[in-house]
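So the structure is just underneath, and the comments pick up after that.
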Amino acid sequence: MAELANCSRCGAIFVKALRDICQDCYHEEEKAFQTVNTFLRDQKNRKATMIDIINATGVQESYIIKFIREKRLLLSKFPNLSYPCEICGIGITSGKLCKDCQESIVKDLKREEELERKVERNKKMNSVANTYYTMDKQNRK
């Protein structure tokens, strides 16, 4: 059963089915896609960059990035088209992060895991060093 939701773009209340945006925003998005698609279908525009597309069509960069991520615009057909890495902003053609940012995150995670292992080892060493044993003199045989 469908439920009521607020549109993630404009905040309007709508009956949520397949999308998280209302019908009006969906039509606006489709119109933007048709504009970009029509522009890129022209042979001379196939090598356009993101800035070229924005300037020529007036479509927001966020829409174009969404079309790329949804694979509605295939970057293999448009060699100069890329979108920004979510961390550093450098142009990428797949995923959410560039190679350098991915490597940096992996390196930070490894460093954090090593630190956690050292802390755990220190806890074990301290618990063994602080353990005291007593002797029961009466039951000693």
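Every value quoted in this text rests on a predicted model; they were computed, and no experiment measured them. We count residues from 1, following the sequence as given. Atoms considered below: every heavy atom in the structure, side chains included; atoms not considered: hydrogens, waters and symmetry mates.
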Distance in Å, R19 CZ paired with C7 SG, rounded so as to fall on 0.5 Å steps: 10.5 Å

Cluster link I53 to I92, ILVMFWY, side chain under 4.5 Å: yes

Expected output: side-chain D52 to main-chain T49 donor-acceptor under 3.5 Å: yes

CZ-CZ distance between F78 and R46, expressed to the nearest 0.5 angstrom: 6.0 Å

Atom pair OG1 (T35) and OH (Y63), whose distance is rounded to the nearest 0.5 Å: 11.0 Å

I65-I54 co-clustered via ILVMFWY side chain contacts under 4.5 Å: yes

In one Ile/Leu/Val/Met/Phe/Trp/Tyr side-chain cluster, 4.5 Å: I64, L74: no

Pair K110 + E113, salt bridge at N-O below 4.0 Å: no

From OG (S94) to CZ (R69), nearest 0.5 Å: 10.5 Å

Full working for side chain to side chain contact (heavy atoms under 4.5 Å, CB included) between I87 and I105: CA-CA 11 Å; I87 294 178; I105 289 173; 3.8 Å; yes

Main-chain N/O of S8 paired with D20 side-chain donor or acceptor, under 3.5 Å: no

L97 backbone acceptor or donor facing Q102 side chain under 3.5 Å: yes

Gap separating the OG1 atom of T57 from the CZ atom of F39, nearest 0.5 angstrom: 7.0 Å

K99 side, atom NZ; C85 side, atom SG - distance, nearest 0.5 Å: 14.0 Å

Side chain to side chain contact (heavy atoms under 4.5 Å, CB included) assessment of R41 paired with N37: CA-CA 6 Å; R41 259 194 255 143; N37 196 31; 3.5 Å; yes

Evaluation steps, salt bridge (charged side-chain N to carboxylate O under 4.0 Å, His left out), between E114 and K107: CA-CA 11 Å; E114 183 61 33; K107 189 170 82 174; over 6 Å; no

Note, F33 side chain near L73 side chain (heavy atom, < 4.5 Å): yes

ILVMFWY network linking M50 to L75, side-chain heavy atoms under 4.5 angstrom: yes

Y83 side chain to E61 side chain, donor-acceptor N/O pair below 3.5 angstrom: no

Distance-minimising heavy-atom pair for C25 and C10: SG-SG, 3.7 Å

Whether N80 side chain and A48 backbone form a donor-acceptor pair below 3.5 Å: no

For R111, side chain to side chain donor-acceptor pair (under 3.5 Å) partners two or more places apart: D108

Sidechain-backbone polar pair: S104 side chain, D100 backbone, donor-acceptor under 3.5 Å: no

K66/E29 salt bridge by N-O under 4.0 Å criterion: yes

Common cluster, I13/V15, ILVMFWY with side-chain heavy-atom separation under 4.5 Å: yes

